[in-house]
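If you read the sequence from its start, that first residue is 1, and numbering goes on from there.
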Amino acid sequence: MSNSEREPDPMTDEQKRRDQLLRAEHSTEADAAPRIEVSEHDGNVRIDIADTAAVRPGPGPGVEGADGS
């Protein structure tokens, strides 16, 4: 069967992402939570880290500068 003869995948990209993130042993729903927010304003796309993201860029707890000082 060639690729053009396959049935279309019933899963959306978001469903595929969630499925992959929850496949690991001991994973939780929090692991599959969205980590970014994408918005468009006047033709410009903005990508922000979601306020609810468990993991954020920058120094982690206990690292110098992590508290904003």
Side-chain angles (χ1 to χ4, degrees):
M1 179 180 287
S2 71
N3 286 342
S4 61
E5 295 174 354
R6 284 191 189 156
E7 291 184 30
D9 194 337
M11 294 178 76
T12 65
D13 287 342
E14 182 58 31
Q15 289 170 327
K16 289 177 188 177
R17 175 190 172 278
R18 183 180 175 283
D19 183 59
Q20 185 175 21
L21 290 170
L22 292 177
R23 211 172 269 195
E25 187 175 343
H26 305 297
S27 62
T28 65
E29 285 292 327
D31 296 323
R35 294 177 177 91
I36 62 170
E37 296 172 352
V38 179
S39 58
E40 187 173 339
H41 304 281
D42 300 321
N44 297 311
V45 176
R46 180 180 171 113
I47 301 172
D48 293 304
I49 304 300
D51 291 336
T52 57
V55 179
R56 303 182 62 79
V63 175
E64 186 176 332
D67 59 3
S69 60

Inter-residue atom distance Ser27.OG - Arg18.CZ, 0.5 Å rounding = 9.5 Å
Can you tell me which residue pairs pass the salt bridge (charged side-chain N to carboxylate O under 4.0 Å, His left out) test with a partner in residues 31-47, sequence neighbours excluded?
-> Arg46-Asp48
With sequence neighbours excluded, tell me which residues meet side-chain hydrogen bond (donor to acceptor under 3.5 Å, both in side chains) with His26.
-> none
Across all chains, not counting sequence neighbours, the side-chain hydrogen bond (donor to acceptor under 3.5 Å, both in side chains) partners of Thr28 are none
Residues Ala50 and Pro34: closest non-hydrogen pair is CB-O, 4.1 Å
Please table the atom pairs, donor to acceptor, closer than 3.5 Å between any side-chain atom in residues 10-17 and protein atoms at least two apart or in another chain.
unit_1, atom_1, unit_2, atom_2, d
Thr12, OG1, Gln15, N, 3.1
Thr12, OG1, Gln15, OE1, 3.4
Gln15, OE1, Thr12, N, 2.7
Lys16, NZ, Asp9, OD2, 3.4
Arg17, NH1, Ala32, O, 2.9
Arg17, NH2, Ala33, O, 3.3

